[in-house]
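Single-structure report; data block below.
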Amino acid sequence: MNHIVGARQAQKQQSRRALLDAGLRLLADQNLASLGVREVTRAAGLSPAAFYRHFPDLAALGVALVEESLASLHVMIRSVLVGEGGAEELIDRAVDVIEQHVREHRPHVRFLTRERHGGVRRVREAIDAELGRFAEEVGAALGLQPVSQGWSEGDLRMLAELYVDHMVSTAAAFLEAQETDPAREARIAATARLQLRLISLGRRHWQGS
């Protein structure tokens with residue numbers, strides 16, 4: 001009996017994965033608001049009824065893609081923040097991590113970039129919520145660093161949001177360069193490092209709000 005239940009569960013997960021992958025492929029050329037359930041199920045090789053066994057609507061599929069798109073980046077950036085080294089090394093690692101993440105997860109980054117200001121409210125809200133949680137994690141890590149001694153919780157949150165916004169805009173720039181002009185990648189990386197150094201310099205001299 002257990003092996004039957006296990007096989008059904010595996011098949012269910014496989015179907016869900018097929019729907020997510022199909023949705024992500026289709027969203028390479030359009031936004032979520034223009035997508036239809038039949039279009040997704042046809043691309044996944046499933047029936048519309050199968051879609052509704054996993055998601056109540058396309059917005060729910062979009063929210064699942066948001067969670068998936070940001071999950072791995074959370075881990076990567078957290079590892080940078082808790083890593084050894086000075087500010088320069090942390091900056092270099094952060095930019096390298098973002099560039100590599102875009103290269104390895106281009107469809108997810110494209111999806112986030114487009115839908116962050118897209119037409120599906122629940123997906124926009126999910127992206128904002130995930131980035132907010134991301135900022136909380138970054139703020140907690142920044143608070144452990146000696147340079148943050150005496151900073152208020154509000155100032156740490158402001159700094160964390162600044163870093164997260166910079167990360168998102170840098171990822172979007174890398175995405176565009178990789179798709180249209182790979183030679184720009186080095187310039188984008190250099191600019192991102194300079195911007196982070198400027199933020200780091202301002203941080204060391206911040207007197208508090």
Side-chain angles (χ1 to χ4, degrees), residues 16-17 19-32 61-118 123-142 144-145 157 159-200 203:
R16 187 177 189 275
R17 180 72 263 160
L19 290 167
L20 289 169
D21 289 344
L24 199 58
R25 286 196 306 274
L26 292 167
L27 289 169
D29 301 311
Q30 60 186 305
N31 56 38
L32 187 63
L61 181 141
V63 170
L65 284 173
V66 170
E67 295 168 354
E68 182 176 274
S69 297
L70 287 170
S72 58
L73 188 58
H74 278 230
V75 176
M76 295 169 72
I77 293 296
R78 196 182 305 124
S79 69
V80 170
L81 290 170
V82 301
E84 298 293 330
E88 294 291 321
E89 293 173 89
L90 291 177
I91 287 170
D92 287 341
R93 284 208 301 271
V95 174
D96 289 344
V97 160
I98 294 169
E99 184 175 8
Q100 186 64 27
H101 181 82
V102 173
R103 185 170 286 112
E104 294 176 354
H105 303 278
R106 192 174 301 171
H108 288 94
V109 176
R110 186 190 299 111
F111 164 75
L112 288 173
T113 301
R114 180 179 290 148
E115 297 300 330
R116 189 181 186 191
H117 305 291
V123 174
R124 292 198 312 270
E125 291 175 346
I127 293 173
D128 286 343
E130 284 293 322
L131 292 178
R133 282 189 284 272
F134 201 180
E136 288 178 6
E137 293 178 9
V138 171
L142 294 173
L144 297 176
Q145 297 174 355
R157 175 67 184 221
L159 179 63
E161 289 175 347
L162 183 59
Y163 277 126
V164 169
D165 284 343
H166 182 272
M167 175 203 71
V168 172
S169 63
T170 300
F174 275 131
L175 176 67
E176 182 180 356
Q178 289 174 10
E179 292 184 338
T180 62
D181 183 11
R184 287 179 52 215
E185 286 188 77
R187 297 196 297 274
I188 291 168
T191 299
R193 289 186 174 93
L194 285 174
Q195 291 169 337
L196 286 173
R197 289 187 179 103
L198 181 59
I199 295 171
S200 180
R203 179 187 179 192

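Fair warning: this is a prediction, and the values are worked out from it, not measured in the lab.
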task = Find the distance between CG (L24) and CG (L19) and round it off to the nearest 0.5 Å.
result = 12.5 Å
note = Sorted by chain and residue number, the salt bridge (Lys or Arg N to Asp or Glu O under 4.0 Å) partners of R110 (sequence neighbours excluded) come out as E179
R203 vs Q145, side chain to side chain contact (heavy atoms under 4.5 Å, CB included): CA-CA, chis, key distance, verdict = CA-CA 12 Å; R203 179 187 179 192; Q145 297 174 355; 2.8 Å; yes
message = Using 0.5 Å steps for rounding, measure from the CG atom of D21 to the CG atom of L26.
response = 11.0 Å
query = Can you list the residues that meet the side chain to side chain contact (heavy atoms under 4.5 Å, CB included) rule with Q100, with sequence neighbours excluded?
reply = R103, E104
Nearest non-hydrogen partners of G139 and A160, listed with the distance = N-CB, 3.5 Å
task = Only counting residues at least two apart or in another chain, list the ones meeting side chain to side chain donor-acceptor pair (under 3.5 Å) with R114.
result = none
Contacts of Q195 that satisfy side chain to side chain donor-acceptor pair (under 3.5 Å) - sequence neighbours left out = H166
message = My understanding is that only residues two or more places apart in sequence, or in another chain, count here; which of them pass side chain to side chain contact (heavy atoms under 4.5 Å, CB included) with R187?
response = D181, R184
Shortest non-hydrogen separation from T180 to P182 and the atoms involved = C-CD, 4.0 Å
request  = Tell me, please, which residues at least two apart from S169 pass side chain to side chain donor-acceptor pair (under 3.5 Å).
outcome  = none
message = side chain to side chain contact (heavy atoms under 4.5 Å, CB included) for R193 and E88? Distances and angles first, verdict last.
response = CA-CA 9 Å; R193 289 186 174 93; E88 294 291 321; over 6 Å; no
remark   = Residues E185 and F174: closest non-hydrogen pair is O-CE2, 3.6 Å
key: NE2 on H101 to OG1 on T170, rounded to 0.5 Å   = 13.0 Å
task = Would you please name every residue forming a salt bridge (Lys or Arg N to Asp or Glu O under 4.0 Å) with R157, sequence neighbours left out?
result = E136, E161
Output a table of donor-acceptor pairs, distance under 3.5 Å, between side-chain atoms of residues 61-71 and any protein atom two or more places apart or on a different chain; print 'none' if there are none.
from	atom 1	to	atom 2	distance (Å)
E68	OE1	R17	NH1	2.6
E68	OE1	R17	NH2	3.1
E68	OE2	R17	NH2	3.1
E68	OE2	H108	NE2	2.8
S69	OG	L65	O	2.6

Donor-acceptor contact present, side-chain R124 to main-chain G118, <3.5 Å = yes
ask   = How long is the span from the CZ atom in F111 to the OG1 atom in T113, to the nearest 0.5 Å?
value = 10.5 Å
May I have the list of side-chain donor-acceptor pairs in residues 127-135 shorter than 3.5 Å, sequence neighbours left out?
from	atom 1	to	atom 2	distance (Å)
E130	OE2	R133	NH2	2.5

inquiry  = Just to verify, what does E176 make a side chain to side chain donor-acceptor pair (under 3.5 Å) with, not counting sequence neighbours?
reply    = none
query = Excluding sequence neighbours, so at least two apart, what forms side chain to side chain contact (heavy atoms under 4.5 Å, CB included) with A171?
reply = I98, V102, V109
key: Distance, nearest 0.5 Å, that separates CG of L27 from CD of Q30   = 6.5 Å
request  = For L162, check side chain to side chain contact (heavy atoms under 4.5 Å, CB included) against everything at least two apart and list the hits.
outcome  = I199
